[in-house]
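The structure displayed is predicted, hence computed values, not measured ones. Chain letters run A, B, ... following the sequence lines, proteins first and then strands; every chain starts at 1.
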Amino acid sequence: MKVSKHKGDDMSDLRVRFAPSPTGYLHVGGARTALFNWLLAKKLGGSFILRIEDTDVDRSTKESVDAILEGMKWLGLNWDEGPFYQSDSFPIYKEYVQKLVDVGKAYKCYCTVEDLDAKRNLAMQEGRKPKYDGACRERRELLEGQPYVIRFRAPQAGVTSFDDLIKGTITFPNEELDDLIIQRTDGTPTYNFCVVIDDASMRITTVIRGDDHVNNTPRQIQLYEALGFPVPQFAHVPMILGSDKARLSKRHGATSVIAYRDMGFLPEALINYLVRLGWSHGDDEIFSSSEMIQKFDINNVGRSASVFNTEKLLWLNAHYIKNGDPERLANLLLPHLSAREVTTLGGPDLMSVVKTLQERAQTLEEMADRAVFYYNAPVSYDEAALAKFDKEQLKSVFTAVSMKLADVSGLDVAGIDALFKEVCSENGWKMGQVGQPVRIALSGGTQAPGIGEIVVTLGVEEALRRIQKAQEFIAL
RNA sequence: GGUCCCAUCGUCUAGUGGUUAGGACGCUGGCCUCUCACGCCGGAGACCGGGGUUCAACUCCCCGUGGGACUACCA
């Protein structure tokens with residue numbers, strides 16, 4: 001077999017990671033980043049690693065970790081290694097900080113937060129760069145007992161650049177980069193330092209992450225080089241925006257993937273929606289997970305931010321509901337029915353109910369709403385709709401239909417539909433004069449599955465009972 | 001302010017110098033029809049602006065303009 005020289009080929013030793021910080025739930029932006037990582041790993045037979053970035057002890061919570069894991073699992077984004085916690089590696093970071101200090105690539109800085117803030121504000125006011133002024137960079141004497149942070153001694157001349165898999169070559173003048181803090185006063189390491197140590201020690205080959213990290217990348221590259229680690233490849237995926245083109249946030253509506261689950265979305269719909277946000281494969285819109293894996297290519301990820309569009313997500317969800325397995329949907333629908341205090345016990349077969357609703361619901365929530373009448377007989381009727389028919393007419397329709405229905409059994413949907421046609425032709429009625437009143441009698445309203453579907457699903461006996469009740473109602 | 005990134009219908013996008021600029025969501029006209037949906041057929045709808053390069057620019061370059069990110073002892 002010939003070995004291809006093309007970049008991106010033969011990457012079976014590819015190692016990628018998703019590294020959320022546990023300061024909230026898994027949001028759709030993070031989910032998409034995770035998805036792209038997962039897809040690339042699956043496609044190239046690499047490893048997908050989950051790492052929890054909890055170096056900020058104050059803001060990190062166990063609840064958030066659980067919420068993120070729950071979201072990942074729901075979406076089916078299984079990981080090969082982890083979850084690893086940065087907080088478990090504090091001693092290791094410390095070791096590497098010391099190494100850098102020993103060789104003079106890092107130094108103690110005694111500047112106080114107040115001093116730094118003051119200098120920064122002054123610089124801003126005077127229109128200068130608000131970067132660290134290097135006050136302690138050349139300090140020779142050590143101040144005993146004074147609190148300090150450790151700063152990385154960054155190169156001040158030249159440029160740092162990298163070839164981003166998505167954005168192309170990006171170059172930064174080193175003079176724009178100041179000496180970043182790698183260890184806080186309390187001895188804990190900071191984010192930019194930890195990612196480098198972790199990505200290096202986990203032998204990550206390709207870092208796929210949000211666009212908002214582009215500016216951190218040159219600093220991290222300098223750290224890799226100072227530490228003597230190989231620099232991984234980078235791929236920065238653009239942000240997801242809200243309808244007003246501002247960064248997606250709660251005020252744009254739901255951003256948590258679990259919230260979408262609770263609103264009745266299917267995981268495959270959300271995944272399909274997310275994969276198309278920023279990535280494309282010609283004119284294709286619908287992707288099964290195996291198609292996604294097969295067709296995914298990081299080079300086809302777009303460079304610009306995209307707006308989250310719930311309408312399209314709804315369309316995809318409707319698509320997957322329409323084509324989904326009724327049994328699975330029935331199970332997924334259960335909690336939504338419970339939330340409506342509907343019990344399916346003793347009622348129609350839920351799977352049959354689902355089948356009548358698959359083309360009529362965009363979400364499981366909507367399906368649940370539409371399913372209620374099957375289990376709870378109407379206690380009132382759409383009076384406005386009923387008013388469109390003459391009372392006497394209604395009576396004769398109900399009577400005629402009841403008589404027909406009374407002596408049939410075992411009919412399927414087509415059979416029941418044919419039976420209604422008979423009623424029409426025998427009495428000189430139009431289907432509209434018969435179907436709609438019966439629909440109201442059976443469901444209480446005007447929007448429901450086809451008459452035949454309802455009668456068969458409900459069962460002839462229950463249908464007759466409901467028609468009788470309606471008959472009594474209009475007699476009042 | 002500085003640095004970096006981005007720019008095709010309202011939205012998601014295809015497009016890699018020569019196309020009637022394609023598809024999808026949404027919107028909309030019609031068909032189907034017992035309601036609601038589904039489905040099918042049709043319609044409106046875009047290359048941010050200005051300079052170059054070229055026989056020819058949506059496509060390449062530059063400058064604007066407009067968005068966004070970062071500029072923390074957050075990640």
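Between the P atoms of U20(B) and C58(B), the separation comes to 13 Å (whole Å).
Residue T171(A) is classed as a sugar-phosphate contact, given heavy-atom separations below 4.0 Å to backbone atoms only. Within the 4.0 angstrom heavy-atom criterion, only backbone atoms of the sugar-phosphate kind lie near V307(A); the bases stay farther away. Within 4.0 Å of I170(A), counting heavy atoms only, lie sugar-phosphate atoms of the nucleic acid but no base atom. No contact: D186(A) has no heavy atom under 4.0 Å from any strand. No engagement by K131(A) is indicated, since no non-hydrogen atom pair under 4.0 Å with the nucleic acid exists. G210(A) comes within 4.0 angstrom of nothing in the nucleic acid, heavy atoms only.
Residue S306(A) places at least one side-chain N or O under 4.0 Å from the OP1 or OP2 atom of U13(B). Side-chain N/O atoms of R120(A) include none lying less than 4.0 angstrom from OP1 or OP2 on U71(B). Taking 4.0 angstrom as the limit, K245(A) places none of its side-chain polar atoms (N or O) nearer than this to OP1 or OP2 of G66(B). The side chain of K322(A) contributes no N or O atom lying less than 4.0 Å from OP1 or OP2 of A37(B).
Salt bridge annotation for R276(A)-D284(A): absent, with no cationic side-chain nitrogen under 4.0 angstrom from a carboxylate oxygen. Ion pairing between K312(A) and E285(A) holds under the 4.0 Å rule for side-chain N and carboxylate O. Using a 4.0 Å cut-off between a side-chain N of Lys or Arg and a carboxylate O of Asp or Glu, R17(A) and D198(A) do not qualify as a salt bridge.
Each of P130(A) and A246(A) was assigned the nucleotide of RNA chain B with the nearest heavy atom; the assignment lying further toward the 5' end belongs to P130(A). For G302(A) and E285(A), each mapped to the nucleotide of RNA chain B holding its nearest heavy atom, the one lying further toward the 5' end belongs to G302(A).
C47(B): no Watson-Crick or G-U partner with both key distances under 3.5 Å is found in any strand. Using the Watson-Crick or G-U wobble rule with both distances under 3.5 Å, G29(B) pairs with C41(B).
Using cut-offs of 30° and 60° on the angle between ring planes, the pair H319(A) and W315(A) is tilted.
Remark: C1' of U71(B) and CG of N174(A) are 16 Å apart, rounded to the nearest angstrom.
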